[in-house]
Amino acid sequence: MERRFSSVCLLCSYSQGQVVSALTQHLSPCCSLCPAGRMGIELYLDLLSPPCRSVYIFAKKNNIPFTFKQMEVLKGQQHSVGFGKVNILRKVPALKDGGFTLAESPAILAYLSQKYKTPDHWYPLDMKKRARVDEYLSWQHSAIRPSVLKIFWLKVVFPLYMDQTAPEEKLQEALEDLAIPLKQLEEKFLQDKPFLVGNMISLADLVAVTELMQLIAIGYNIFEDMPKLVEWRNRVEKAVGKELFQEAHKVILNFQDLNSMLIEPQLKEQMKPRLLKMVA
Amino acid sequence: MGLELYLDLLSQPCRAVYIFAKKNNIPFEFKHVELFKDSILGRKMPGGNNPGHSHEGQHYREEFGKVNILKKVPALKDGVFTLAESTAILLYLSRKYNTPDHWYPSDTQKRARVDEYLSWHHTNIRGKAGKTLWIKVLIPLFTGQTLPPEKLQEVMDELAISLKQFEEKFLQDKPFIVGSEISLADLMAIVELMQPIGVGCDIFEDRPKLSEWRNQVEEAVGKELFQEAHELILNIKELGNIQIDPQLKEHLAPLLRKMMK
């Protein structure tokens, strides 16, 4: 089965079309005429994914030249042969810098901050401040991310693949699991500071907010009765820049559009066991 | 008042911090925290909740509570600065004490490899390897019930997938994750993988590459230190005859129920 795929290079606006076969070929045409496409880094991103958003925002905010390699995880593009060479773990985000490839958003963010010498506040050199960023980035892996992932899958992905909604109790359960971590976010990490680590935005805020936006965008008022977190979220958006923030979140904010996405039956079958396990 | 490290060597990340600090001759006060709060090895520690030591015990617990509001181990206290999360603690120690470069290389790409592993570790090795201890020892100890063998098999199957990825993506044909020298990545991985060993699940059997790596890591750490750090987990079966505080049992019940699902 073939699909015509085209994209506009974000750097030189050259438009290129390419015929590809879904699931087996390397997708995401690269702009071979653009100098950035030849020399700069490539970021393989699906803005539906929170870690991808944090990488995207960070790169754009810091004017880091990169080629945006569009990935659509819900269509199974991470299983292509080409992407396997970029990241054998078949996850996004992924970075390619010449012969060097890298997975995992905290690693990518730290790499970019080091390579492009981004302003100190993102990942402060001060040992104690840096430790606070590390602490948050480590903690969120098991405290926040799994619940957000589960809720998103149950609410948005499950219906897409299974043609039915997921049981409400499972969603409620997952939301309840988030209650304590959100309290901890407010009381241990944020406290009375404007941002998680101090007076300025850092990687910690970026990762936190892009993650929690996943739920806010699909209609969960997770900051209900938590005005401190609401204010902090607004502050982070402002520090990033409203335009960039909104642009990065466009796909998730328009999640309803996903309902018209055509998913190949083969892929649906592949995903079924995992989805069924989530509601078991 | 110097550096304090709050540790329970039953916990994998605590072992990584302990080994790293000892290996690098970082002076610290070992603050023993017993995750299961009671005299689980028949030793009454100052931090225990027995009435005889109430004043001291309470102070200690309050102190620890202040140190780490997340109430988990490991935790670090450096003057007024407190820190949780083993990754953050290890990185902090490596910077503050200027440890040899190979632990956390200054080279951007090598460093990225360590960061990449430490991030992936959380959701793929951490938790999965540790479940074996819960299923084989702790849940039976706390509930008096043994779990069906399928439960353990499920965990081992999941772990097998992660171990495959570990070998194929992170280790490949290198002696250590980053290359020719041990780093924080290897340390975090090994302490986690020793957990199933302690309960008789030999994950190194039939995995020669992994086994070779394990030996190399042990050698790089130093056999004596490695064995010392793992003494508790390798003798975990001795916990079988200990009485557990009923209050504690009750407190852990919801957590255990979740794990048994």
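The sequence lines fix the lettering, A, B, ..., with proteins before strands; numbering per chain opens at 1.
In terms of heavy-atom pairs under 4.5 Å with chain B, the best-connected choice from A:Arg132, A:Arg145, A:Lys115 is A:Arg132. The greatest number of non-hydrogen atom pairs below 4.5 Å with chain B, out of A:Ser105, A:Ala103, A:Pro146, is found for A:Ala103. Of the residues considered (A:Ser142, A:Ala131, A:Ala143), A:Ala131 shows the highest number of contacts with chain B, using heavy-atom pairs under 4.5 Å.
With a 4.5 Å cut-off on non-hydrogen atoms, A:Ser113 does not touch chain B at all. For a residue to count as touching a neighbouring chain, one of its non-hydrogen atoms must lie under 4.5 Å from one of that chain's; by this rule B:Arg126 does not touch chain A. Looking at A:Ala110, the atoms closer than 4.5 Å to chain B (heavy atoms on both sides) all sit in the side chain, from C-beta outward. Heavy atoms closer than 4.5 Å to chain A are found nowhere in B:Ser94, neither backbone nor side chain. For B:Ser119, the parts lying near chain A are the backbone and the side chain together; criterion is any non-hydrogen pair under 4.5 Å.
Within 6.0 Å of CG in A:Asn199 there are 12 or fewer heavy atoms belonging to other residues, nucleotides or ligands. Residue A:Lys91 qualifies as open at atom NZ: its count of foreign heavy atoms under 6.0 Å is 12 or below. Heavy-atom neighbours of A:Lys193 NZ from other residues, nucleotides or ligands within 6.0 Å: above the threshold of 12. By the neighbour-count criterion of 12 heavy atoms within 6.0 Å, atom NZ of A:Lys155 is sparsely surrounded, having that number or fewer from other residues, nucleotides or ligands.
The minimum heavy-atom distance between A:Ser138 and B:Glu85, with the atom names listed, is OG-OE1, 2.5 Å. Between B:Lys169 and A:Ile88, the shortest heavy-atom contact is CB-CG2, 3.6 Å. The shortest non-hydrogen separation linking B:Trp120 to A:Glu104 is N-OE1, 3.5 Å.
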Starting from the C-alpha separation in whole Å, work towards a yes-or-no answer on salt bridge (Lys or Arg N to Asp or Glu O under 4.0 Å) for B:Arg95 and A:Asp134.
CA-CA 13 Å; B:Arg95 287 164 194 142; A:Asp134 291 334; 3.0 Å; yes

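One finds the CD atom of B:Glu116 at 7.0 Å from the CG atom of A:Leu89 (value rounded to the nearest 0.5 Å). Going from atom CG of B:Asp78 over to atom NZ of A:Lys128 covers 5.5 Å, rounded to the nearest 0.5 Å. Distance check, rounded to the nearest 0.5 Å: CG of B:Leu93 to CE of A:Met127 gives 10.5 Å.
The side-chain heavy atoms of B:Thr108 and A:Tyr111, taken from C-beta on, include a pair separated by under 4.5 Å. The shortest distance between side-chain heavy atoms of A:Trp139 and B:Thr87 does not fall below 4.5 Å.
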